[in-house]
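Indexing begins at 1, ligand by ligand and atom by atom, following the structure's order.
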Amino acid sequence: MKIKDFFSPNYNKNKRSKGSIKTIVIHYTGMQSERETLNKLCDSKSRVSCHYLINRNGKIFRLVKDKNIAWHAGKSCWSKYRNLNKNSIGIELVNRGHQFGYTNYTSKQILQLIVLCRLLIKKYKISKRNIVGHSDIAPSRKIDPGEKFPWQLLSKNKIGIWHNLNNSLLKKFRKKQLKKKRDKIQFIKDINSIGYCVKFYSNKNVLKKVIKGFQRHFRKDLINGLLDLECVIIASNLAKKL
Ligand SMILES: [Zn+2]
């Protein structure tokens with residue numbers, strides 16, 4: 001795999017051990033152009049970076065070495081990890097994002113991402129459930145890589161998790177209200193076991209954003225932040241497979 005080395009100064013001075021790399025965090029760049037993005041990620045004033053950037057043609061740039069802690073995740077939480085920069089590899093995909101005209105990722109981009117992820121998974125023994133989007137680890141602040149990101153396709157390549165439920169069957173439970181409070185409690189337990197950091201007693205708005213994050217990842221046709229039976233069933237299926 002061809003990787004073009006670039007240099008971003010935006011990383012911690014102290015190196016990390018190989019064993020501290022536990023997750024891969026996927027982002028979109030959310031900017032007008034690739035050039036603008038590279039300039040920003042390599043500008044010491046911006047204080048943001050990532051390890052890899054994949055452009056629309058599938059070209060991979062390395063901005064920060066794996067052994068260095070790049071600044072891409074910010075305040076975040078996943079499973080037992082807090083503020084994930086130190087525990088993650090950050091990959092940015094060039095896409096204008098919701099603010100500037102969100103488009104599909106290109107197939108070249110996704111193909112290269114798959115190759116890169118496979119390599120990293122093998123090298124650092126990253127578990128499937130720890131391949132996440134920025135919106136999964138910081139749902140109150142972030143919505144990238146967004147609902148156009150092909151999580152299901154990635155899972156077919158053993159990258160990340162996906163359910164094994166029949167879609168047309170699932171649809172029957174869409175917008176169906178929960179019958180019992182117990183369903184909500186079970187849903188929170190299930191998504192906690194996947195990695196989402198939320199509590200049953202979390203603030204209503206926080207909970208809504210986490211549900212939206214979950215939907216953006218696992219139920220992209222309807223992202224409303226409302227918990228329905230379809231979400232409960234998906235979460236239960238995912239949790240059982242772990
Ligand atoms: Zn991001």
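Ionic pairing of R174 and D221 is present here: one or more N-O contacts between side-chain nitrogen and carboxylate oxygen are shorter than 4.0 angstrom. Ion pair K176/D228 not flagged as a salt bridge, since none of the NZ, NE, NH1 or NH2 atoms sits closer than 4.0 Å to an Asp/Glu carboxylate oxygen.
The Zn ion (ligand 1) lies at 2.8 Å or more from every N, O or S atom belonging to E92.
Take the N/O/S atoms of D144: the one nearest the Zn ion (ligand 1) is OD2. Take the N/O/S atoms of H27: the one nearest the Zn ion (ligand 1) is ND1. Restricting H134 to its N, O or S atoms, the one at the least distance from the Zn ion (ligand 1) is ND1.
A single hydrophobic cluster is not seen to contain both V210 and L226; linkage of ILVMFWY side chains at heavy-atom distances under 4.5 Å, directly or through other members, places them apart.
Remark: the E92 side chain and the H134 side chain contain no N/O donor-acceptor pair separated by less than 3.5 Å.
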